[in-house]
Enquirer: 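Could you have a look at this structure, given as structure tokens, before my questions?
Scope of the values below: all heavy atoms of this structure, side chains included, with no hydrogens, waters or symmetry mates. Residue numbers run from 1 in the order of the sequence given. The shown structure was predicted, so the numbers you read here are calculated from the model rather than taken from an experiment.
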Amino acid sequence: MFGCIVAGRLVQTNLQQVDVNKYVFDLPEAHSINHVVVFLLGTIPFEPGYAATVHLLWPNKDWQMLGALSNDKPSAIFRLRSTVGTSNANSTNGTIAELGISIEPVQAVEQQVQQQAQPGSALALTTSAAAPNSTVPLQTAKQFAERALQNLYDYVTSFATQPNASMGMFGSGATVQVLPVKVFDEWYNSFLRKLQHDPAAALRPT
């Protein structure tokens with residue numbers, strides 16, 4: 001139902017169910033992860049009235065909410081470096097973090113997202129630490145996220161190709177498309193350069 005891509009790595013579909021409506025991805029070599037994309041595979045949508053929260057568990061730490069997924073927002077990009085702290089990010093090789101997904105009623109998910117954005121939440125503390133005197137209007141942040149995700153979608157899908165017989169179970173004729181993982185890194189580097197050159201560019205329609 002869910003997929004996960006760590007920038008620079010292969011797509012992960014090794015999802016483990018740990019409880020009713022709760023799932024986990026292991027993230028090996030977590031110290032080297034900058035960004036992770038979580039998405040619905042498109043084969044099984046959420047049941048009406050349900051969505052999911054996404055969380056990160058670093059060794060010896062508590063679960064930290066990253067964001068949410070829904071049928072209306074089937075994918076999201078999270079920057080892990082801003083959530084684990086410098087000491088954790090510089091941990092020794094071999095560290096395994098966990099990415100948790102919890103399917104819950106939409107109302108519960110919306111409530112958690114609202115709490116996450118409130119002063120004192122983990123997200124607010126991270127933002128404050130990075131820029132103590134700056135604030136971003138909610139509508140601007142929403143518009144930025146929508147533009148960035150649309151830009152990512154348009155870019156990576158332009159590289160989509162039909163699988164061929166050498167891909168085994170995804171042999172030719174399958175009703176799926178494949179993407180080179182490197183295009184996510186290419187998109188990120190290109191998008192970052194555009195933001196550095198013109199921060200307002202991400203808010204303008206393409």
Enquirer: Would you say that I33 contacts F78 through its side chain, given a criterion of any heavy-atom pair below 4.5 Å between the two side chains?
Expert: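 Answer no - side chains too far apart.
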Enquirer: For a quick test of reading the model, state the closest non-hydrogen atom pair linking P59 to I96 and the distance between them.
Expert: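 Shortest heavy-atom contact: CG-O, 3.4 Å.
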Enquirer: Once rounded to the nearest 0.5 Å, what's the spacing between atom SG of C4 and atom CG of L10?
Expert: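 C4 SG to L10 CG: 12.0 Å, rounded to 0.5 Å.
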Enquirer: My understanding is that only residues two or more places apart in sequence, or in another chain, count here; which of them pass side chain to side chain contact (heavy atoms under 4.5 Å, CB included) with N14?
Expert: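 Residues passing side chain to side chain contact (heavy atoms under 4.5 Å, CB included) with N14: Q12, F25.
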Enquirer: Should I101 and F46 be regarded as members of a common hydrophobic cluster, given that ILVMFWY residues are connected when their side-chain heavy atoms come within less than 4.5 Å of each other, either directly or indirectly?
Expert: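 Looking at the clustering, F46 is in the same group as I101.
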Enquirer: Tell me, do Y23 and I103 make a side-chain contact under 4.5 Å, heavy atoms counted?
Expert: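 Yes; the side chains approach each other to less than 4.5 Å.
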Enquirer: Step by step, would you call M65 with Q115 a side chain to side chain contact (heavy atoms under 4.5 Å, CB included)?
Expert: CA-CA 10 Å; M65 183 173 171; Q115 291 175 346; over 6 Å; no
Enquirer: Side chains of F2 and L40: closer than 4.5 Å at any heavy-atom pair?
Expert: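 Sidechains of L40 and F2: in contact.
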Enquirer: Mind listing the closest non-hydrogen atom pair of V109 and A68 along with its distance?
Expert: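 So the two residues come closest at CG1-CB, 3.7 Å.
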Enquirer: Looking at every heavy atom in both Q112 and H55, which two are closest together, and how far apart are they?
Expert: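 Closest approach of Q112 to H55, heavy atoms only: OE1-CE1, 4.1 Å.
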Enquirer: Any chance CD of Q16 has more than 12 other-residue heavy atoms, nucleotides or ligands included, within less than 6.0 Å?
Expert: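 Enclosed: over 12 neighbouring heavy atoms sit under 6.0 Å from CD of Q16.
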Enquirer: What residues form a side chain to side chain contact (heavy atoms under 4.5 Å, CB included) with S102, not counting sequence neighbours?
Expert: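 With sequence neighbours excluded, S102 shows a side chain to side chain contact (heavy atoms under 4.5 Å, CB included) to K22, T53, E104, given in chain and number order.
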Enquirer: Can you check side chain to side chain contact (heavy atoms under 4.5 Å, CB included) on S32 and R9, steps first, answer last?
Expert: CA-CA 11 Å; S32 65; R9 302 183 188 179; 3.0 Å; yes
Enquirer: When hydrophobic residues are tied together by side-chain contacts of less than 4.5 Å, even through go-betweens, does V24 share a cluster with V36?
Expert: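 Different hydrophobic clusters.
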Enquirer: Does any non-hydrogen side-chain atom of E29 lie less than 4.5 Å from one of T95?
Expert: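 Answer no - side chains too far apart.
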Enquirer: Restricting to non-hydrogen atoms, name the atom on A97 and the atom on L56 that form the minimum distance, rounded to 0.1 Å.
Expert: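 Scanning both residues completely, I find the closest heavy atoms to be CB-CD1, 4.1 Å.
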Enquirer: Over all heavy atoms of both residues, which pair between N71 and P45 is shortest? Give the atoms and the distance, please.
Expert: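 Reported closest heavy-atom pair: OD1-CB, 3.6 Å.
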Enquirer: With rounding to the nearest 0.5 angstrom, report the CD to CG distance, E98 to L27.
Expert: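 Reported to 0.5 Å precision, the distance equals 8.5 Å.
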Enquirer: Is it the case that one hydrophobic cluster holds both M1 and Y50, taking links as side-chain heavy atoms less than 4.5 Å apart, direct or via other members?
Expert: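 The answer is yes; both residues are in one hydrophobic cluster.
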Enquirer: Side-chain heavy atoms under 4.5 angstrom apart, residues restricted to Ile, Leu, Val, Met, Phe, Trp, Tyr: same cluster for L99 and L15?
Expert: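 They do share one cluster, since a chain of ILVMFWY contacts under 4.5 Å joins L99 to L15.
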Enquirer: Considering residues at least two apart in sequence or located in another chain, which fulfil the side chain to side chain donor-acceptor pair (under 3.5 Å) criterion with K73?
Expert: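 Result, side chain to side chain donor-acceptor pair (under 3.5 Å) vs K73: none returned.
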Enquirer: How close do S75 and F39 get, counting heavy atoms only, and between which atoms?
Expert: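 Closest pair (atom of S75, atom of F39, distance): CB-CB, 3.7 Å.
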